[in-house]
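Before any comments, here is the structure.
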Amino acid sequence: MIRVFSSDYRRRNGARTDPFPVRTLRRIERPTTKIDDSAVRRVDERDGGFRRADRGEYGPVIQREYRRFMTKHPLSGALLGMSKHLAPIAAGETGKSIAPSTDNPVFNARHIKETAYFLRADAAGICELPPYAVFTHSRWDGSPIELAHKYAIGILIDQDWKTAQASAGHDWISNSMSFLAYSTSGFIACVLAEYIRKLGYPARAHHAMNYQVVVPPILLWAGLGEMCRIGDIVLNPFLGPRFKAAVVTTDMPLAVDKPIDFGLQDFCDKCGKCARECPGQAIGRGAKETHNGYERWTTDVKKCTSMRVGNQLGSGCGMCIKVCPWNKPFTPFHRFVNRAIRDFPAVRSLAVKADDWLGYGKPKPGWKWWLDVEDVDGVYRDTARMSGDNE
Ligand code: SF4
Ligand code: SF4
C-alpha cells in the first residue's frame with residue numbers, strides 16, 4: 001500500500017523532509033499552466049457545481065439527489081459527519097507571544113512540513129498566497145471574504161491506491177475515498193493552523209467544510225503538481241490525481257517552494273484516457289482553452305456534477321482518478337517508470353499504450369472490502385445482491 005512505501009522512503013532517507021523524492025523534480029519559475037495573473041478574477045464559491053445542484057439549476061432530480069448523495073452510503077456519511085465537526089474550528093485567536101527560534105523562514109518551512117508529515121500528510125508544499133486564489137464570497141452564508149495572509153501551505157492526502165484499484169470507478173466506495181481524504185487533510189490543516197497560532201502567528205485552516213481559498217492555484221504555485229486534463233484538478237507526480245487537499249494560510253515567515261514540471265502537459269496531450277472512460281462524458285478531448293486567465297483543458301461541470309450526484313449505481317464518481325496512468329503505487333518498478341516518463345518525452349506515448357495493455361484501470365473485484373449498501377429513507381438496500389455481485 002502507498003503509505004507503507006512512502007513511510008519506507010521517509011525512513012530510509014531520514015535526513016530528507018518529504019515522504020516522496022521531490023528533490024528529483026524539475027523546478028521552474030512559473031506553473032506549466034499559463035496564468036495571466038492580471039486577468040484572473042476572484043471567484044464566488046457559490047458558483048461551484050454542487051451549489052448549483054443544490055439550487056436546482058441542474059434540474060429537480062439532481063437537486064433532490066444532492067441532498068442525499070453524500071450520506072446514502074454509511075461510510076461516506078460517517079466521514080462527512082466527522083468533517084462537519086471541523087467547520088467551526090478553521091480559525092482562532094493568535095497566541096500572545098511569538099515562540100523563540102521561529103524567525104528563520106527556511107527553518108520554519110522545514111519544521112512546518114515535518115509537522116504536517118508527523119500528522120500523516122502525504123505531501124506538503126508552500127507558496128505565497130496569490131490574491132486571486134481567495135474566494136469573493138462564502139458558499140455557506142454568502143458573506144464576503146477578505147483574507148490577507150502572505151503564505152499558503154498545501155497538504156495532500158492519498159485516497160488509497162489499493163481501494164482505487166479494487167473500485168470500478170463509480171461504485172459504492174467512490175464518495176468514501178473522497179471524504180476520507182477531505183476529512184483527514186482537514187484534520188491536519190486544523191491542527192497545523194492551531195499550532196502556528198500558538199507559536200504566535202495568524203493562521204487559518206481551509207478544508208472541504210470551510211474554504212476561503214481556491215485550492216488548485218495554490219497547489220500549482222506550491223510545487224505539488226501540474227494542472228491535468230480533468231478540469232480543475234491538479235495532478236501530483238507520485239499520487240496522480242488520487243488525493244484531496246486542504247490548505248493553511250498564515251503570516252508566519254516561510255521559505256516558498258517553486259512550481260514543478262514533470263511533463264504532464266505533454267503527457268495529457270498524448271493520453272486522454274480520463275476523457276475516454278468518463279461515464280458522464282464530461283471531460284473534453286480537445287485542446288486547451290483560456291478561461292478566467294488560465295489556459296487549461298475544460299470539463300463540463302454540469303455533466304460531472306450530475307454524474308457524481310445522480311449516480312444510481314453507486315455513491316459519487318472517481319473514474320477519471322482510477323484510470324489515470326499516474327494513479328500508481330510507489331513501488332521500485334513504478335518509481336523507475338515514473339522517472340522515465342518525467343525525464344524522457346519519447347517514452348510517454350508508449351507509456352499511455354502500455355497502461356492499457358497491462359490492464360491498469362480495470363477493477364480488481366478480489367481486492368474489494370466495502371459493503372454495497374444504500375440508505376434509502378433510513379432503510380438499507382443491499383445493492384450487491386440486487387446486482388448479483390455476491391452470488
Ligand atoms: S468524476 Fe466522474 S463524471 Fe466527473 S469528470 Fe471524473 S470520471 Fe467524469
Ligand atoms: S488520464 Fe491521461 S489525460 Fe487524463 S489526467 Fe491522467 S494523464 Fe492526463
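Hydrogens, waters and symmetry mates are skipped; everything else that's a heavy atom, side chains included, is used. Every number for a ligand or one of its atoms is a count from 1 in the order of the listing.
For ligand 2, the atoms lying closer than 4.0 Å to a non-hydrogen atom of Trp326 are 7 (S). Heavy-atom proximity to Ile283, at under 4.0 Å, picks out these atoms of ligand 1: 5 (S). Every atom of ligand 2 is numbered from 1 in the order shown, and the set under 4.0 Å from a heavy atom of Phe267 is 7 (S). In summary, the atoms of ligand 1 found under 4.0 Å from a heavy atom of Pro279, numbered by their order in the structure, are 7 (S). Within ligand 2, counting atoms from 1 as listed, the ones closer than 4.0 Å to a heavy atom of Arg229 are 3 (S), 5 (S). Listed by number with element, the atoms of ligand 1 under 4.0 Å from a non-hydrogen atom of Met307 are 3 (S). Atom numbering of ligand 2 starts at 1 in the shown order; those under 4.0 Å from a heavy atom of Gly272 are 2 (Fe), 3 (S). Within ligand 2, the atoms closer than 4.0 Å to a non-hydrogen atom of Cys228 are 5 (S), numbered from 1 in the order shown. Remark: ligand 2 atoms within the under-4.0 Å shell around heavy atoms of Cys271 are 1 (S), 2 (Fe), 3 (S), 7 (S).
Other residues, nucleotides and ligands place more than 12 heavy atoms under 6.0 Å from the NZ atom of Lys364. Residue-environment remark: CZ (Phe187) stays at or below the threshold of 12 foreign heavy atoms within 6.0 Å. Other residues, nucleotides and ligands place more than 12 heavy atoms under 6.0 Å from the NZ atom of Lys270.
Residue nearest to atom 8 (Fe) of ligand 2, selected from Cys268, Pro241, Pro325: Cys268 (by heavy-atom distance).
Protein heavy atom nearest atom 2 (Fe) of ligand 1, with residue, atom name and distance: Cys317 SG, 2.3 Å. In this structure, the protein non-hydrogen atom closest to atom 6 (Fe) of ligand 2 is Cys324 SG, 2.4 Å. The shortest contact between atom 7 (S) of ligand 1 and any protein heavy atom is with Cys320 N, 3.3 Å.
Taking the six-membered ring for Trp, Phe69 and Phe50 have ring centres closer than 6.0 Å. Note: Tyr195 and His111 meet the aromatic proximity criterion, with ring centroids under 6.0 Å apart.
Taking 2.8 Å as the criterion, Cys304 counts as a coordinating residue of atom 4 (Fe) of ligand 1, since one of its N, O or S atoms falls below it.
Ring geometry for Phe179 against Tyr182 counts as tilted: the plane angle lies between 30° and 60°, on a 0 to 90° scale.
If you look at Cys274 next to ligand 2, the close heavy atoms, those under 4.0 Å, come from the backbone and the side chain alike.
Salt bridge Arg67/Asp54: present, at least one basic N to carboxylate O contact under 4.0 Å.
Put simply, the side chain of Ser76 gets close to the backbone of Met70: a donor and an acceptor are under 3.5 Å apart.
Using a non-hydrogen distance threshold of 4.0 Å, Ile230 registers as a contact of ligand 2.
Under the ring pair (Phe, Tyr, Trp, His ring centres under 6.0 Å) test applied with Phe262, the options Phe344, Phe20, Trp326 reduce to a single match, Trp326.
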Item checked: Stepwise side-chain contact (heavy atoms from CB on, under 4.5 Å) check, Glu289 with Arg296 -> CA-CA 6 Å; Glu289 297 172 11; Arg296 58 183 177 80; over 6 Å; no
